[in-house]
Amino acid sequence: MGEVHLRFRLDAGFPADSRFLDGHFPANPVVPGSVLIGFLAARLAEADLAVARIDRMKFRRILRPGMPFELRVDGRPDGAAAEFRDAEGVFAAGRLVLRPRDD
């Protein structure tokens, strides 16, 4: 595997009626970090890649349901950067190691 440069957009954001929002928090809903990690893993799978290891992930700001965002993954399999961006800039970022996806 060589260089990795991936971009994924979710223009409508995550729907406000998504089950994963149950309990996060009824009067003030936020998208859980685990959902963002799942989104990352699913998008990498579409490119026949998988996360071998997450070395670091920082959630700087919250993401609300319905907020559009973009995921960017750049680097090499032995060290890639992932950034989640909204209209205000980076709201979550991390370092990860990728591997070919197992089928």
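Worth saying up front: this structure is predicted, and the values here are computed from it rather than measured.
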Test side chain to side chain contact (heavy atoms under 4.5 Å, CB included) applied to L71 and L36, step by step: CA-CA 9 Å; L71 167 62; L36 294 174; over 6 Å; no
R43 side chain near L49 side chain, heavy-atom distance below 4.5 Å: no
Step-by-step side chain to side chain contact (heavy atoms under 4.5 Å, CB included) determination, D86 to R61: CA-CA 10 Å; D86 62 11; R61 289 184 284 110; 3.0 Å; yes
Backbone of A45 reached by a side-chain donor or acceptor of R101 within 3.5 Å: yes
Closest contact, heavy atoms only, L21 versus P32: CD2-CD, 4.2 Å
Side chain to side chain, V35 and L63, heavy atoms closer than 4.5 Å: no
Closest non-hydrogen atom pair, P29 against R64: O-NH1, 3.0 Å
Pairwise distance CZ(R99) to CG(D48) - rounded to 0.5 angstrom: 11.5 Å
Min side-chain heavy-atom separation V30-P65 under 4.5 Å: no
Closest contact, heavy atoms only, A93 versus E83: CB-CG, 4.2 Å
Under-4.0 Å salt bridge between D78 and R53: no
Ring centres under 6.0 angstrom apart (F69, F14): yes
Shared hydrophobic cluster for V97 and V4 (ILVMFWY, side-chain gaps under 4.5 Å): no
Distance-minimising heavy-atom pair for A92 and F59: CB-CD2, 3.7 Å
Inter-residue atom distance E88.CD - M67.CE, 0.5 Å rounding: 6.0 Å
L6-M57 co-clustered via ILVMFWY side chain contacts under 4.5 Å: yes
Nearest heavy-atom neighbours spanning D74 and H5: OD1-ND1, 2.8 Å
Shared hydrophobic cluster for I62 and F84 (ILVMFWY, side-chain gaps under 4.5 Å): no
Step-by-step side chain to side chain contact (heavy atoms under 4.5 Å, CB included) determination, L96 to L40: CA-CA 11 Å; L96 46 135; L40 167 66; 4.3 Å; yes
Linked, directly or transitively: F91 and F39 (ILVMFWY side chains, under 4.5 Å): yes
Minimum-distance pair of heavy atoms, taken over all atoms of A80 and L98: CB-CD1, 4.1 Å
